[in-house]
Protein chains: 2
Amino acid sequence: MDQAAHPEPEAPAPGSLLLQDQLCFALYAASRAVTACYRPLLDELGLTYPQYLVMLALWEQDGLSVRELGGALQLESSTLSPLLKRLEAAGLVRRERRPDDERSVTVRLTGSGTALRERARAVPPVIGDAMGLTPEQDATAKQLLRLLTTNVATEQPADAGRHG
Amino acid sequence: MDQAAHPEPEAPAPGSLLLQDQLCFALYAASRAVTACYRPLLDELGLTYPQYLVMLALWEQDGLSVRELGGALQLESSTLSPLLKRLEAAGLVRRERRPDDERSVTVRLTGSGTALRERARAVPPVIGDAMGLTPEQDATAKQLLRLLTTNVATEQPADAGRHG
DNA sequence: CGCAACTAAGTTGTGCACGATCTAATCGCG
DNA sequence: CGCGATTAGATCGTGCACAACTTAGTTGCG
């Protein structure tokens, strides 16, 4: 469990400006390191990391709209639109206007998009191994990250009147 | 402690392709959410988030080379070079070739770069409040993220025959 | 019906992030 | 000394990420 051998959790000052005291930096560095770890695996699938996340969402539920994908991944349409264009150019998805609401665009997997899922099954085990966390550490990390995400997203922008 | 009221830590299959089971997605979403949380504060300082991290490193130790900054932040020169140019254009740092090794570039704070530190002291408390983690949760998160970063960075890129 | 308000995508501009490549300075070794 | 190898930065191309804006379709209300 304690493979870092850090029985003493150093107590940073609450207002420290030291880089190593910042949770934000640990988060930022970890996120890029993990993405870099995915890169060689995803290269073989012809996907970038955000494209992989979009594919995960579609493999879970096909036919989502751009808006729904944005909700699931917390990404703006200005990020998703070009990304989806590239996935469409790669032949993995098709975009179609919804007949009952022409504003909305449904994203559907093509045959090769669906087929890619089987090759993608090899990815999570390799990553899980590289991450080297125990199941408990993995679960704790996910819990804390979700809590953090919820908290900062809930926060109202710099207004003292937090009404919940 | 249990402010998320999640007494049941769902046990994901080790090879799951569900988006919500992926630690990588929790990490990616949290990283962007935290960055977004910094944005309005850093806007007032005229900094982007990566620029803020560079400034933290320089406030901690002025006169680092581009290489040393890259080591501290785990960023390539192709990321830092343009970023430092923008900081120089903003009048916060100066870049000078090292006399004893003309290949190396030393980055030094200007007066206004140094002065900005005082205004930056207001940032961490606001962020800490927005994150809403207990000191224990904060420490645990940092520990796990560092462990994760170390693990995935240590991992060799899956090729047995590296002739580097 | 007519039209303003709203909504879903897409476009544009700025700034990372990184691999690949380039240039220039330095070092190593005979 | 000469020249290949190494090293530090910088440049270029691709792909996010997001704010601000535009376009097009839909809805609500008199």
Side-chain angles (χ1 to χ4, degrees), chain A residues 24-25 28-40 42-43 46-55 64-71 73-90 93 95-107 153 157, chain B residues 24-25 28-40 42-43 46-55 64-71 73-90 93 95-107 153 157 163-164:
Chain A
C24 74
F25 174 63
Y28 168 79
S31 180
R32 284 185 300 108
V34 168
T35 301
C37 180
Y38 271 92
R39 203 180 318 276
L42 297 183
D43 277 353
L47 294 174
T48 65
Y49 179 72
Q51 286 169 11
Y52 171 70
L53 295 180
V54 167
M55 294 303 285
L64 292 172
S65 68
V66 174
R67 174 173 180 71
E68 290 164 333
L69 275 171
L73 303 172
Q74 289 298 297
L75 290 173
E76 305 297 321
S77 75
S78 49
T79 298
L80 284 175
S81 285
L83 188 157
L84 291 170
K85 256 191 194 172
R86 283 185 282 269
L87 285 181
E88 186 170 44
V93 307
R95 290 180 299 163
E96 23 185 272
R97 293 274 162 190
R98 198 165 279 177
D100 61 318
D101 187 345
E102 293 269 330
R103 291 172 304 177
S104 206
V105 168
T106 298
V107 182
Chain B
C24 73
F25 174 64
Y28 169 79
S31 180
R32 283 184 302 107
V34 167
T35 300
C37 180
Y38 271 93
R39 203 181 317 278
L42 296 183
D43 277 352
L47 294 174
T48 64
Y49 179 71
Q51 287 169 9
Y52 171 70
L53 294 180
V54 167
M55 293 303 284
L64 292 172
S65 69
V66 174
R67 176 172 178 70
E68 289 164 332
L69 275 171
L73 303 172
Q74 289 299 298
L75 290 173
E76 306 296 321
S77 75
S78 50
T79 298
L80 284 175
S81 284
L83 188 157
L84 291 170
K85 256 191 195 172
R86 284 185 281 269
L87 285 181
E88 187 169 42
V93 307
R95 290 180 300 164
E96 21 186 273
R97 292 276 161 188
R98 197 165 280 180
D100 61 315
D101 187 344
E102 293 268 330
R103 290 172 305 179
S104 206
V105 168
T106 297
V107 182
H163 49 72

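A, B, ... follow the sequence lines: proteins, then strands. Residue 1 opens every chain.
- Taken to the nearest 0.5 Å, the CG atom of B:Leu64 stands 5.0 Å off from the CG atom of B:Leu69.
- Legend: residues meeting salt bridge (charged side-chain N to carboxylate O under 4.0 Å, His left out) with A:Glu96, ordered by chain and number and at least two apart, are A:Arg108.
- Contact between the side-chain N/O atoms of B:Lys85 and the OP1/OP2 oxygens of D:dT11 is found at a separation under 4.0 Å.
- A perpendicular orientation is assigned to the rings of B:Tyr28 and A:Tyr49, their planes being inclined by more than 60° (bins at 30° and 60°).
- Across all their heavy atoms, A:Cys24 and B:Val34 have their closest contact at CB-CG1, 4.0 Å.
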Please step through side-chain contact (heavy atoms from CB on, under 4.5 Å) for the pair A:Val107 and A:Glu68, ending with a clear verdict. CA-CA 10 Å; A:Val107 182; A:Glu68 290 164 333; over 6 Å; no
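- Across all their heavy atoms, B:Leu84 and B:Val66 have their closest contact at CD1-CG2, 3.8 Å.
- Among pairs with a residue in residues 78-90 of chain B, those fulfilling side-chain hydrogen bond (donor to acceptor under 3.5 Å, both in side chains) read B:Glu88-B:Arg95, at least two apart in sequence or across chains.
- Among the heavy atoms of the strands, none lies under 4.0 Å from B:Thr35.
- In terms of heavy atoms, B:Leu47 sits closest to B:Tyr52 at CD1-CA, 4.1 Å.
- Atom CD of B:Glu102 is separated from atom P of C:dC27 by 12 Å (rounded to the nearest Å).
- To the nearest angstrom, C1' of D:dT26 lies 13 Å from CZ of A:Arg97.
- Regarding contacts with the backbone of D:dT11, every side-chain N or O of B:Ser81 stays at 4.0 angstrom or more from both OP1 and OP2.
- At a threshold of 4.0 angstrom between heavy atoms, the contacts of B:Arg95 are confined to the sugar-phosphate backbone, with no base atom among them.
- Rounding to whole angstrom units, CG of residue A:Asp101 and P of D:dT26 are separated by 5 Å.
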Report each atom pair, protein N/O against N/O of nucleotides 22-24 of chain C, whose distance is under 3.5 angstrom.
none

For each nucleotide in nucleotides 14-20 of chain D, reading 5' to 3', give B when a protein heavy atom comes within less than 4.0 Å of its base, S when such contact involves only the sugar-phosphate, and - otherwise. -SSBBBB
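- From one end of the helix from C:dC1-D:dG30 to C:dG30-D:dC1 to the other, with five pairs defining each end axis, the axis direction shifts by 0° (rounded to 10°).
- Annotation for A:Pro82 and A:Ser77: closest pair CD-O, 4.2 Å, computed over non-hydrogen atoms.
- B:Gln51 pairs with exactly one of B:Leu53, B:Thr48, B:Val54 by the side chain to side chain contact (heavy atoms under 4.5 Å, CB included) rule, that one being B:Thr48.
- Every residue two or more places apart in sequence or in another chain that forms a side-chain hydrogen bond (donor to acceptor under 3.5 Å, both in side chains) with A:Arg98 is listed here: A:Thr106.
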